[in-house]
There are 2 protein chains.
Amino acid sequence: MVVLRRTVPATGSQVHTRKNWIDPNTSMTADKPRARLTLNDVARGCGVSRATVSLVLRGSPLVHAETRARVEAEIRRVGYIYNRAAANLRAQSSSSVALVVNDLSNPYFAEFAAGVDEALAAIGFVTLLGSTGESVQRQQAVLASLVEHAPAGIILSPAEGSDGASVARAVGPHVPVLVFNRELDGAWDYLVMDNRTGARLATEHLIGLGHRRIAFYGGHRDSSSCRERRDGYLQALAVAGLEAAPRWRIETAPTRLEAARQVGALLATEPVPTAAVCYNDAVALGLQLGLVARGRQAGVDFAVVGFDDIPEAAMSVPPLTTVATAPRARGRQAAERILARMRDPSIAIARQTIPVQLIARESSCPPPDASGNRRHE
Amino acid sequence: MVVLRRTVPATGSQVHTRKNWIDPNTSMTADKPRARLTLNDVARGCGVSRATVSLVLRGSPLVHAETRARVEAEIRRVGYIYNRAAANLRAQSSSSVALVVNDLSNPYFAEFAAGVDEALAAIGFVTLLGSTGESVQRQQAVLASLVEHAPAGIILSPAEGSDGASVARAVGPHVPVLVFNRELDGAWDYLVMDNRTGARLATEHLIGLGHRRIAFYGGHRDSSSCRERRDGYLQALAVAGLEAAPRWRIETAPTRLEAARQVGALLATEPVPTAAVCYNDAVALGLQLGLVARGRQAGVDFAVVGFDDIPEAAMSVPPLTTVATAPRARGRQAAERILARMRDPSIAIARQTIPVQLIARESSCPPPDASGNRRHE
DNA sequence: GAAGCGACTTGGAACGATCCAAATTCGGAA
DNA sequence: TTCCGAATTTGGATCGTTCCAAGTCGCTTC
């Protein structure tokens, strides 16, 4: 029966201490009502060999239709459950994919995970979940733990500050990795959003509405996605010949709460901007709230653009103009990508850039003094 | 190397068709740079036996300190990766737990999943993810697929309309199941929220504020959690001797969007209620939006109470009064519970009810005409 | 110097499946 | 009837680990 073991074999830098040892003989074993059924039980039950049952289970055309029917009936009758671990051991294959993200409570990652699982489940694979909470140490531990389950591939959104070499060491040379969402030093398969273009589109949208003083609001300076979005913003300003004042770049944690708190800093700049490109939707929604608290209103006297198009974006007051990246579809895409590599490991590693799309809603209004400007759409 | 197989062995009612067969001989195999390292390689590398290396990996006190050091050095040197599937096969144990939820994009479940994974990762277990999308068929397929990976336990939030017998058949008699969040016919371990008490507290809070016409807003009639919450609401009304008009019970899908759309139906009742207990926070937030669209404002001329205390609840305008259930902590609790059962399968199955807590914020105001009433807190 | 005793190490069997080469059965052709 | 190839079935070896009974070693004790 199932035996719970507290120790985790140390294959990396982790070292065992003696006190972790649980003597397998003294550890309690379940009273087994019946042992788990195996191929042999089924085979015996319907008078064929192990090998034949195995062929039936795998849908081989080699078995006679009548035999197949008999075996399938027996399988159903006794409630046999396939042991995929044993099969994978012998066949040197795997039917799971590991997904490592920062935090599922971020709706963006939750949607992404749902997309991954959806695509994997469709072909009978399971998703092994791991979350790092943005901690590099936890990431190493999680990767070490997951890789021991021999996933066919790993989809990784690296924690901030990850070291590519450490990741490579933890994963080993045999499991394909797809890096998602963030940069990681080294040669990896990538699936990244076109952050730069997205932010550029958002900024150009605001410029087109007549804004001249545009802030870049929120996000951590050192996060790669934030850097890229900021670059897109700066690029659009430069092309339009507009000022890119550093005081209009406000750094916040990428959460609603922090963003709401920092609105004062934004409005204290002189001259005050009339619009903001936000690091992501959470920040943008926080900015909207902060504006309300200070007697302003997004979409009326201040224009706000977000990034991600999380479900809340369409439902906020006012509905948020944002850059859509369709996380669920991205999840499916990531799964497809890693499956493709598993099918043919020889394909070249590549960086795949996800196109983004500007969704104009009501939070982006023309500037108060832009009566002469026409609204572009 | 890894071989991708499209077919899913049919152990349940699923039947194979011949066209699914992929001949293992013709399916492409990876060019193997080096075979994966095994215990034997490590053993040979440092001149001890397989068994000794195995003992080192498991932190046994039986091995000499010097030997252990030599083996650990070799393990690190060659980058050996433990094959947990093989170990589990021989030891008849497991180090994974399956988690089956409706939909990760629901922030409540995402938080719950994060909690489960957090608790499991702490003891070196991994989470196998499955989502049903509220489909009973998908649930059967997902369970069948997960159970083949021999999880040590399953945490299941059943899809609406699940049949306990089918679930039992899919899971088999050897894997402990913890049912979460919803009722399922049959004898199961349960972890359920105290929906009734929560809704009662919410309703009593509104009654205490002076409301006399209180609606129950949102949710599906046939969902067990909705039924329980409605019962709590009715109970509170009955105790206070207030009318429980059926026209004040509005059914909606449990989403923000649907809830916002149905506000018209709520305000069309005669006499119109002054407050609403909502099925959950998503519905409550939708209600708040819908009120704004109709010239009313929650927390000013209409009181709204939600359920769940999702992160958005504290950040909405106005902040939402709600019933907190701490999904992340619930996730941890669920994991602990299933681990406890694995340690000792003989413990009696039980129903564990999660206490809930009313969080009063600003969306629940006294009724407009209640000038004489004092506000209770 | 033989026996006894810890402390440590070890080789073969086993877990439940797949692979593979060989065996068996089945029809039809010679 | 006999033979042949195609169709179908099969038993042993094997995947990488753990279990277990038995082994080796060094040291004390009589």
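All values below come from the heavy atoms of this structure, side chains included, with hydrogens, waters and symmetry mates left out. A, B, ... follow the sequence lines: proteins, then strands. Residue 1 opens every chain.
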Gap between atoms [atom1] and [atom2], on [X] and [N] respectively (whole Å):
{"X": "A:R36", "N": "C:dG16", "atom1": "CZ", "atom2": "P", "result": "9 Å"}
{"X": "A:L39", "N": "C:dC15", "atom1": "CG", "atom2": "C1'", "result": "13 Å"}
{"X": "A:N88", "N": "D:dT17", "atom1": "CG", "atom2": "C1'", "result": "15 Å"}
{"X": "A:L62", "N": "D:dA6", "atom1": "CG", "atom2": "C1'", "result": "12 Å"}
{"X": "B:L55", "N": "C:dT10", "atom1": "CG", "atom2": "C1'", "result": "10 Å"}
{"X": "A:R68", "N": "D:dA7", "atom1": "CZ", "atom2": "P", "result": "15 Å"}
{"X": "A:N40", "N": "D:dG12", "atom1": "CG", "atom2": "P", "result": "12 Å"}
{"X": "B:E66", "N": "D:dG26", "atom1": "CD", "atom2": "P", "result": "13 Å"}

Any side-chain donor-acceptor pair under 3.5 Å between [X] and [Y]?
{"X": "A:T52", "Y": "A:S49", "value": "yes"}
{"X": "A:T38", "Y": "A:N40", "value": "no"}
{"X": "B:H149", "Y": "A:S95", "value": "yes"}
{"X": "B:T127", "Y": "B:D117", "value": "yes"}

Have a look at A:T38 and say if it touches a base, only the backbone sugar-phosphate, or nothing, with a 4.0 Å heavy-atom cut-off.
sugar-phosphate
Nucleotide nearest [X] when distance is taken to its side chain, options [options]:
{"X": "A:T67", "options": "D:dT9, C:dC15, D:dT17", "result": "D:dT9"}
{"X": "B:A86", "options": "C:dC8, C:dA17, D:dT17", "result": "D:dT17"}
{"X": "A:Y80", "options": "D:dG16, C:dT9, C:dA17", "result": "C:dA17"}

Pairwise N/O distances under 3.5 Å, protein to nucleotides 11-13 of chain C:
from   : atom 1 : to    : atom 2 : distance (Å)
C:dG12 : N7     : B:R50 : NH2    : 3.0
C:dG12 : O6     : B:R50 : NH2    : 2.9
C:dA13 : N6     : B:R50 : NH2    : 3.3

N/O (side chain, [X]) to phosphate O (OP1/OP2, [N]) under 4.0 Å:
{"X": "B:T52", "N": "C:dT10", "value": "yes"}
{"X": "A:R70", "N": "D:dT9", "value": "no"}
{"X": "A:Q92", "N": "D:dG16", "value": "yes"}

For A:T67, the side-chain hydrogen bond (donor to acceptor under 3.5 Å, both in side chains) test, sequence neighbours excluded, returns none
What's the verdict on side-chain contact (heavy atoms from CB on, under 4.5 Å) for A:V171 and A:L146, showing C-alpha distance, side-chain angles and the deciding distance?
CA-CA 9 Å; A:V171 167; A:L146 287 173; over 6 Å; no
Would you say the ring centroid of B:F112 lies under 6.0 angstrom from that of B:F180?
yes
